[in-house]
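Step one of this worksheet: look at the structure below.
All residue numbers refer to positions in the sequence shown, counting from 1.
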Amino acid sequence: MCSVPSPNRALLSAAGSGKTTLLVREALARPKRRIAILTYTLENLEEIRRAFEYYAGTVPAHVKIYSWYSFLLRECIRPYQAALCAQPRIESIHFVQGRTQNRAPRSQVARHYLAGSSVYSDRAADFALRCNDLTQGKVIERLAAMYDELYIDEVQDLAGYDLDLVERLLGSRIEMLLVGDTRQATYATNHSPRNQQYRGVAMMRLLQDWEARDLCQVQHRVVSHRCSQSLCDMADAIYPKMPRTESGNCDVTGHDGIFIVTPNQVRQYVREYAPTVLRYDRRERCDGLPAVNFGQSKGRTYSRVLIFPNGPLAQFLRTADASCISSPAKYYVAITRARHSVAFVLTGACTWPGHQIYSATPRREPN
């Protein structure tokens, strides 16, 4: 007999493909289903809330939205905390920079997991899973009694034991929808050594393993409604082994594509096209212009951007060789923020195919 395909989906979407809109529309189309939507960052949480307000006026009664750690604390840890560690009552998450340095073994539960009444962020999901095991699955069973469907936005942000919890949920009767883009893994819920082999684009291996075990179906959305084709092509070049992106943006503005701007042209270019200025981090001076860091721009859309490239990005522009970019996610995010044009401030040759050299429009003297 043929097995029934898993109802769970892992939907990998190119930048600008409308991931948030998809989640919101799917939820609105299922008013009789009880749905929870989870995402890591508070900024993404607000983006989801705003999308519901745009399409429906408010978040409907059948939908609950959580930040990832709020979900862990409120719905996975507290209800069955006593099964593992009754006291003290866990009140909050202790967000760890890097990894928890506490070397207490897992057998010393309170010392291993807790800082006072807070649970270490990189051990929170492990705590929840142990509660689930000690209660013969009641943590997951309770969630299945509360929700018919659970959507996880920006799934590539999940790390450590969070991925073990997702796997357990995929095996439950809750219908799961995982949405994200492994090329945009600029954040991580934690830095636990657990599952570190699946960070960034390597998460594809885990998703494919889940698919092989019939825990989900992996699907790709390759149309970007944000970026013009030339911008898609440059972003794709940073990840040459990933599926190619097709542009759904057919707008023609007269200033479209990839441009090179010399340093002495920057002020004129900004006056003429009013781009949003992007930089890798604050070490880039950006000619004194207000700028947004690459990572902070994630999730945003701009008409045009002007990028002050750091060393690896400048080398990429000069050689078209993506191997010089060792941490590609932030660069991919930066290039895919714009709808129409991306300009780079660069001195010297650029070998990127199809780039255009900016020529300042002559300023007319008043009569």
Side-chain angles (χ1 to χ4, degrees), residues 6-8 10 34 36 38 40 64 66-96 99-100 102-152 155 157-178 188-199 203 205-207 209-216:
S6 170
N8 302 323
R34 299 164 301 165
L38 321 179
Y40 171 40
K64 178 75 173 179
Y66 296 91
S67 67
W68 177 253
Y69 278 107
S70 174
F71 173 76
L72 279 183
L73 182 64
R74 293 170 54 186
E75 308 300 355
C76 300
I77 292 175
R78 282 181 180 164
Y80 292 99
Q81 174 192 339
L84 182 59
C85 181
Q87 296 295 330
R89 183 177 188 270
I90 298 176
E91 299 288 348
S92 60
I93 303 290
H94 181 83
F95 289 97
V96 177
R99 296 176 181 174
T100 297
N102 180 343
R103 296 183 179 275
R106 292 171 82 239
S107 58
Q108 297 178 17
V109 174
R111 289 184 58 206
H112 180 79
Y113 291 101
L114 305 181
S117 61
S118 300
V119 60
Y120 293 118
S121 55
D122 56 348
R123 297 176 179 176
D126 183 31
F127 189 103
L129 286 164
R130 289 186 68 182
C131 289
N132 186 66
D133 292 340
L134 290 168
T135 58
Q136 290 74 53
K138 286 187 178 179
V139 173
I140 302 296
E141 185 178 308
R142 176 177 175 272
L143 293 172
M146 295 170 60
Y147 298 110
D148 303 305
E149 301 181 23
L150 196 155
Y151 303 167
I152 300 180
V155 67
D157 292 345
L158 301 187
Y161 283 97
D162 298 341
L163 296 173
D164 294 278
L165 178 59
V166 172
E167 182 171 308
R168 201 73 63 90
L169 289 165
L170 288 169
S172 75
R173 68 176 185 272
I174 305 172
E175 187 173 324
M176 301 285 293
L177 173 59
L178 315 179
T189 49
N190 61 75
H191 296 279
S192 167
R194 178 75 173 177
N195 291 315
Q196 63 183 353
Q197 70 271 30
Y198 299 128
R199 296 282 171 85
M203 183 179 279
R205 296 202 307 270
L206 179 60
L207 297 174
D209 176 65
W210 286 344
E211 184 175 46
R213 292 158 55 196
D214 202 29
L215 291 175
C216 68

Residues which pass ring-ring contact (aromatic ring centres under 6.0 Å, His included) with Y161, listed by chain and number, not counting sequence neighbours: none

Stepwise side chain to side chain contact (heavy atoms under 4.5 Å, CB included) check, F127 with Q81: CA-CA 8 Å; F127 189 103; Q81 174 192 339; 3.9 Å; yes

Gap between atom CZ of R74 and atom OG of S67 - 0.5 Å precision: 8.5 Å

Straight-line distance of N132 CG to L84 CG, nearest 0.5 Å: 11.5 Å

Y69 side chain to S121 backbone, donor-acceptor under 3.5 Å: yes

Rounded distance [0.5 Å steps], OG in S6 versus CD in E211: 9.5 Å

Distance-minimising heavy-atom pair for P79 and L73: CD-O, 4.5 Å

Minimum heavy-atom distance M146-E75, with the two atoms named: CE-OE1, 3.5 Å

Nearest-0.5 Å distance that lies between atom CD1 in I174 and atom CZ in R168: 12.5 Å

Polar side-chain atom of S70 near backbone of Y66 as donor-acceptor pair, under 3.5 Å: no

Under 3.5 Å: donor-acceptor pair, side chain of R78, backbone of I90: yes

ring-ring contact (aromatic ring centres under 6.0 Å, His included) partners for Y198, two or more places apart: none

Donor-acceptor contact below 3.5 Å, side chain N195 vs main chain A159: no

Residue among D157, N190, D162 satisfying side-chain hydrogen bond (donor to acceptor under 3.5 Å, both in side chains) with W68: D162

Verdict with supporting geometry, L143 and S172, side chain to side chain contact (heavy atoms under 4.5 Å, CB included): CA-CA 9 Å; L143 293 172; S172 75; over 6 Å; no

Stepwise side chain to side chain contact (heavy atoms under 4.5 Å, CB included) test for L72 and V119: CA-CA 10 Å; L72 279 183; V119 60; over 6 Å; no

Interatomic spacing from SG in C76 to CD1 in I140 - rounded to 0.5 Å: 6.5 Å

N102/Q108 under side chain to side chain contact (heavy atoms under 4.5 Å, CB included): CA gap, chis, key distance, verdict: CA-CA 11 Å; N102 180 343; Q108 297 178 17; over 6 Å; no

Summary of salt bridge (Lys or Arg N to Asp or Glu O under 4.0 Å) pairs that have at least one residue in residues 119-128, sequence neighbours excluded: R106-D126

Partners meeting salt bridge (Lys or Arg N to Asp or Glu O under 4.0 Å) with R89 (sequence neighbours left out): E91

Spatial distance of atom CD (E141) from atom CD (Q136) [nearest 0.5 Å]: 10.0 Å

For E167, all residues meeting salt bridge (Lys or Arg N to Asp or Glu O under 4.0 Å), sequence neighbours excluded: R213

With Y80 via ring-ring contact (aromatic ring centres under 6.0 Å, His included) - residues at least two apart: none

Shortest non-hydrogen contact from R99 toward Q196: NH2-OE1, 2.9 Å

Closest contact, heavy atoms only, A128 versus I77: CB-CG1, 4.0 Å

